[in-house]
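Report on the following structure.
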Amino acid sequence: MAVRLSYDEIGALYTNLLATQTEFENASSRASDLASDIDRPYERGELRDEANTFESQWDDRRGKLNEGLESVINRAKTVLEGFGDFDLESAAQMAAQMQETG
């Protein structure tokens, strides 16, 4: 059984993981903006209160998810760097062999 990964796919994965991490980090400020935008329709604040409650509860979960995401990002980076290093080393070895035989 063979596993095939392309360098571009690993790079795209790493980029997407970083973008997800950025979204998680910026989510609290957007939630505050949402609560502010909700304001007090019809002079009632229940909807705004519920939005704030949801954000508080989700913020804890998001923090835990972000910790796990950091681990996945580090592993993706390691694979990406390892793949790149292997590619460079292989290319150098092939070039050296070609010079020896040429």
Side-chain angles (χ1 to χ4, degrees):
M1 176 182 209
V3 176
R4 295 182 185 193
L5 293 172
S6 78
Y7 189 73
D8 291 338
E9 288 173 338
I10 298 168
L13 170 67
Y14 180 67
T15 300
N16 289 335
L17 289 169
L18 290 175
T20 301
Q21 183 181 45
T22 300
E23 286 296 316
F24 276 1
E25 290 170 352
N26 295 330
S28 290
S29 66
R30 282 195 304 281
S32 296
D33 292 343
L34 173 64
S36 177
D37 289 344
I38 292 171
D39 198 32
R40 294 179 47 83
Y42 304 105
E43 300 304 317
R44 298 185 63 179
E46 292 94 340
L47 182 58
R48 184 179 183 162
D49 293 343
E50 287 297 321
N52 284 328
T53 299
F54 175 81
E55 169 52 28
S56 295
Q57 293 171 349
W58 175 231
D59 194 43
D60 294 338
R61 290 182 185 103
R62 187 173 41 250
K64 290 177 185 175
L65 285 171
N66 209 18
E67 288 174 16
L69 184 60
E70 183 69 31
S71 175
V72 174
I73 287 170
N74 290 335
R75 290 180 183 177
K77 182 179 180 184
T78 300
V79 170
L80 186 61
E81 289 172 346
F83 198 134
D85 291 346
F86 171 78
D87 193 40
L88 290 173
E89 290 171 14
S90 296
Q93 287 176 357
M94 287 176 63
Q97 287 176 352
M98 290 177 71
Q99 286 181 349
E100 289 174 5
T101 60

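As the structure is a computational prediction, the values presented were derived from the model and not from experiment. The figures that follow rest on heavy atoms only: side chains count, while hydrogens, waters and symmetry mates do not. Numbering of residues begins at 1 and proceeds along the displayed sequence.
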Next item on the list: Could you give me the CA-CA distance, side-chain angles and deciding distance for Asp49 and Phe54, then say whether side-chain contact (heavy atoms from CB on, under 4.5 Å) is met?
Entry: CA-CA 9 Å; Asp49 293 343; Phe54 175 81; over 6 Å; no
Check: If Ile, Leu, Val, Met, Phe, Trp and Tyr residues are connected whenever their side-chain heavy atoms lie under 4.5 Å apart, and connections chain through other members, are Phe86 and Leu13 in the same group?
Finding: no
Look up atom [atom1] in [X] and atom [atom2] in [Y], then write down how far apart they are to the nearest 0.5 Å.
| X | Y | atom1 | atom2 | answer |
| --- | --- | --- | --- | --- |
| Ile10 | Lys77 | CD1 | NZ | 15.0 Å |
| Leu65 | Trp58 | CG | CH2 | 5.0 Å |
| Glu9 | Leu80 | CD | CG | 12.0 Å |
| Leu69 | Glu25 | CG | CD | 9.0 Å |
| Thr20 | Ile73 | OG1 | CD1 | 7.5 Å |
| Met94 | Gln99 | CE | CD | 12.5 Å |

Checklist line | Close side-chain approach of Tyr14 and Val79, heavy atoms under 4.5 Å | finding: no
Note to self: Please find the pair of heavy atoms, one from Ala76 and one from Leu17, that lie closest to each other, and give the distance.
What the structure shows: CB-CD1, 3.9 Å
Check: Under 3.5 Å, side chain of Asn26 to main-chain N/O of Thr22, donor-acceptor pair present?
Finding: yes
Checklist line | Backbone N/O of Ala12 and side chain of Asn16: donor-acceptor pair under 3.5 Å | finding: yes
